[in-house]
There are 2 protein chains.
Amino acid sequence: MKQNTKYNIKSNLKRLFTYRLCLIGFKRKGFDRIFSHNLGEEAGVTAEQVRKDFSFFKIRGNKKGGYQINDLLRAIDEVFKYQHNQHVVIVGMGNIGRALVQYKRFLLRKMIIVASFDIDPSKQSRRWGIPVLPLEMLDDIIKKFHVKVAIIAVPEISAQDVLDRLIDLGIKGFLNFAPVMLKTPENIIVNNINLCDELESVIYYTEKVIE
Amino acid sequence: MKQNTKYNIKSNLKRLFTYRLCLIGFKRKGFDRIFSHNLGEEAGVTAEQVRKDFSFFKIRGNKKGGYQINDLLRAIDEVFKYQHNQHVVIVGMGNIGRALVQYKRFLLRKMIIVASFDIDPSKQSRRWGIPVLPLEMLDDIIKKFHVKVAIIAVPEISAQDVLDRLIDLGIKGFLNFAPVMLKTPENIIVNNINLCDELESVIYYTEKVIE
DNA sequence: TTTTATATGTGAATAATATCACATATATGA
DNA sequence: TCATATATGTGATATTATTCACATATAAAA
């Protein structure tokens with residue numbers, strides 16, 4: 001299995017996120033135990049799929065007794081190495097960037113946006129809770145907070161430049177909102193989110209179902 | 001192939017988006033013809049994959065001559081039925097909602113956010129270009145603009161209620177940013193975007209590569 | 001015009017993923 | 001405590017997705 005730039009989140013990992021979401025829902029409803037059957041139904045997969053996935057990630061339940069929800073959540077957190085906080089920087093303070101720095105949920109999962117960056121001096125204030133800094137300060141911040149992951153929310157025209165620069169400064173993983181295929185060396189992870197594509201595919205399938 | 005709620009974008013459709021992105025890039029660089037080999041390299045897949053995908057979507061090239069980029073782009077647009085504008089509503093004017101209504105790129109793909117909605121009366125102004133309306137007006141707008149697709153950007157606690165209400169009003173497809181598994185009847189499409197999951201999976205793979 | 005080199009398009013082969021089926025362990029109730 | 005019903009965990013099987021391999025068409029060159 002080649003670890004490469006051109007890269008999709010493995011579907012079993014994706015399902016693990018879904019399971020977590022479902023488990024949190026079940027917990028909220030007062031359950032503390034769950035069976036693969038219930039979880040599968042909620043997550044939209046078969047019970048066997050759930051068990052196979054758990055098996056893959058070395059998560060084990062009790063024969064006949066199912067799974068303790070708290071155990072499962074802890075085990076899933078374990079997969080994501082939840083012990084320590086993760087520092088993240090974000091480059092580009094446009095619409096998307098501003099939304100993300102204010103997105104509180106990252107904190108609940110111990111992902112901390114330590115600073116944001118923009119070339120536009122007029123944006124360089126503390127208006128949005130965390131500092132908006134000039135790109136010259138990337139090096140300092142990345143070193144100071146041991147940042148390994150960055151969010152790219154710049155216009156597509158400058159995305160490749162920003163990426164190259166961040167890789168030089170030691171960033172290994174990217175969440176990219178710019179609609180371009182970024183070129184990277186081996187062992188650099190880029191997860192692209194293309195909002196247009198996401199909306200468009202909804203429209204595509206909606207029309208497919210309707211007709 | 002069961003069309004269901006619990007639902008992932010087919011990977012060949014996803015690749016079609018990637019191809020488009022690459023093609024736009026090639027075009028910008030001055031190319032007007034492309035071979036499956038080039039496109040595959042750029043998109044991070046094999047040339048055979050490119051051809052199989054095109055074949056699946058009934059997109060055909062010229063033996064020996066490759067593909068005209070403009071033809072390809074037109075054919076891809078055809079897959080997405082690009083002739084007419086698509087009206088979309090968005091519910092929830094928090095961080096994410098506000099970013100999306102200002103996101104210009106939707107327009108380039110003829111996806112038009114015709115109105116946004118929020119229960120908070122203090123948000124009900126025209127501050128962000130399009131009107132922010134109370135939810136009571138959903139029915140009017142959906143009828144007036146023949147809306148079939150909605151973006152849900154409300155807190156998770158109210159997402160299911162909003163979804164149910166929108167389904168009642170005839171919405172068939174959803175782009176959902178609330179981190180919950182929404183329950184829907186058959187033939188309703190929900191595409192979930194979970195920003196925490198996306199960032200977290202970058203971190204996951206980044207740590208995997210590093211170690 | 002004819003030749004030739006080369007890119008497409010697609011069945012066949014392979015690989016990856018998901019489901020089935022059942023042996024095993026154990027929670028539950030008698 | 002013991003019997004039993006039932007949920008897990010996982011090899012075997014089926015399905016789906018990708019790659020291989022090559023016949024075919026044709027753009028480009030002679």
Side-chain angles (χ1 to χ4, degrees), chain A residues 1-4 6-19 22-23 26 31-76 79 201 205, chain B residues 1-4 6-19 22-23 26 31-76 79 201 205:
Chain A
M1 193 199 315
K2 198 172 68 166
Q3 200 66 263
N4 201 333
K6 312 301 169 61
Y7 159 83
N8 285 310
I9 299 170
K10 276 271 174 211
S11 53
N12 55 7
L13 191 75
K14 212 168 172 180
R15 283 195 300 266
L16 212 56
F17 286 119
T18 306
Y19 299 151
C22 296
L23 290 168
F26 278 117
F31 293 92
D32 47 33
R33 195 172 67 157
I34 195 92
F35 302 111
S36 62
H37 179 75
N38 312 130
L39 185 52
E41 187 175 34
E42 188 76 4
V45 300
T46 63
E48 296 82 6
Q49 183 75 82
V50 172
R51 298 202 299 273
K52 267 272 155 86
D53 286 337
F54 285 171
S55 173
F56 178 85
F57 289 109
K58 308 270 187 289
I59 298 173
R60 311 191 78 73
N62 308 321
K63 291 225 164 125
K64 165 118 188 200
Y67 304 84
Q68 287 302 119
I69 290 180
N70 281 332
D71 290 353
L72 279 182
L73 286 171
R74 212 172 303 120
I76 292 174
V79 170
S201 63
Y205 284 111
Chain B
M1 192 199 308
K2 199 173 64 167
Q3 200 66 263
N4 200 332
K6 313 299 171 59
Y7 163 84
N8 285 310
I9 299 170
K10 276 269 173 211
S11 53
N12 54 5
L13 191 76
K14 211 167 172 178
R15 283 195 300 266
L16 210 58
F17 286 119
T18 306
Y19 299 151
C22 297
L23 290 168
F26 277 117
F31 293 92
D32 47 34
R33 195 172 65 156
I34 194 90
F35 302 112
S36 60
H37 179 76
N38 312 129
L39 185 52
E41 188 175 34
E42 189 74 5
V45 300
T46 63
E48 296 82 6
Q49 183 76 83
V50 172
R51 298 202 298 275
K52 267 272 153 91
D53 286 338
F54 285 171
S55 172
F56 178 85
F57 289 107
K58 310 270 186 286
I59 299 173
R60 311 192 78 75
N62 308 321
K63 290 218 166 135
K64 166 115 187 201
Y67 304 84
Q68 287 302 119
I69 289 179
N70 282 331
D71 291 352
L72 278 182
L73 286 171
R74 213 172 303 121
I76 292 174
V79 171
S201 64
Y205 284 111

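Whole-Å rounding puts the B:E48 CD to C:dT8 P distance at 10 Å. Remark: P of D:dT26 and CZ of B:R60 are 11 Å apart, rounded to the nearest angstrom. Between the C1' atom of D:dT10 and the CD1 atom of A:I59 lies a distance of 16 Å, rounded to the nearest Å. Between the P atom of C:dT8 and the CG atom of B:L39 lies a distance of 10 Å, rounded to the nearest Å. One interatomic measurement links the two molecules: CG of A:L72 to C1' of D:dT8, which rounds to 12 Å at whole-angstrom precision. Here the C1' atom of nucleotide D:dG9 and the NZ atom of A:K58 are 13 Å apart, to the nearest Å. The interatomic distance linking B:N12 (CG) with D:dT18 (P) rounds to 8 Å, in whole Å. Atom NE2 in B:H37 sits about 14 Å away from atom C1' in C:dT8, given to the nearest Å.
A donor-acceptor contact under 3.5 Å is formed by the side chain of A:K52 with the base of C:dT19.
To the nearest 0.5 Å, atoms OH (B:Y205) and CG (A:L13) are separated by 4.5 Å. Taking CG from B:L16 and CZ from B:F54, the interatomic distance works out to 6.5 Å, rounded to the nearest 0.5 Å.
Of the candidate nucleotides D:dT10, C:dT17, D:dT19, D:dT10 has the atom lying nearest to any side-chain atom of A:S55.
The nearest pair of heavy atoms linking B:D53 to B:R15 is OD2-NE, 2.6 Å. Residue B:C22 comes nearest to B:E42 through the heavy atom pair SG-CG, 3.5 Å, listed as atom of the first residue, atom of the second, then distance. Nearest heavy atom pair, residue B:V45 against residue B:Y19, reads CG2-OH, 3.6 Å. Here the closest heavy-atom approach between residue A:A43 and residue A:T18 is recorded as CB-CG2, 3.9 Å. Of all non-hydrogen atoms in B:L72 and B:Y67, the two that sit nearest each other are CD1-CB, 3.5 Å.
Of the side-chain N and O atoms in B:Q49, one or more sit less than 4.0 angstrom from OP1 or OP2 of D:dT19. Contact check, B:T46 against D:dT18: no side-chain N or O comes under 4.0 Å of OP1 or OP2.
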Please write out each protein N/O paired with an N/O of nucleotides 4-7 of chain D under 3.5 Å, distance rounded to 0.1 Å.
unit_1 : atom_1 : unit_2 : atom_2 : d
D:dA5  : N3     : A:K64  : NZ     : 3.3
D:dA7  : O4'    : A:K64  : N      : 3.4
D:dA7  : O4'    : A:K64  : O      : 3.4

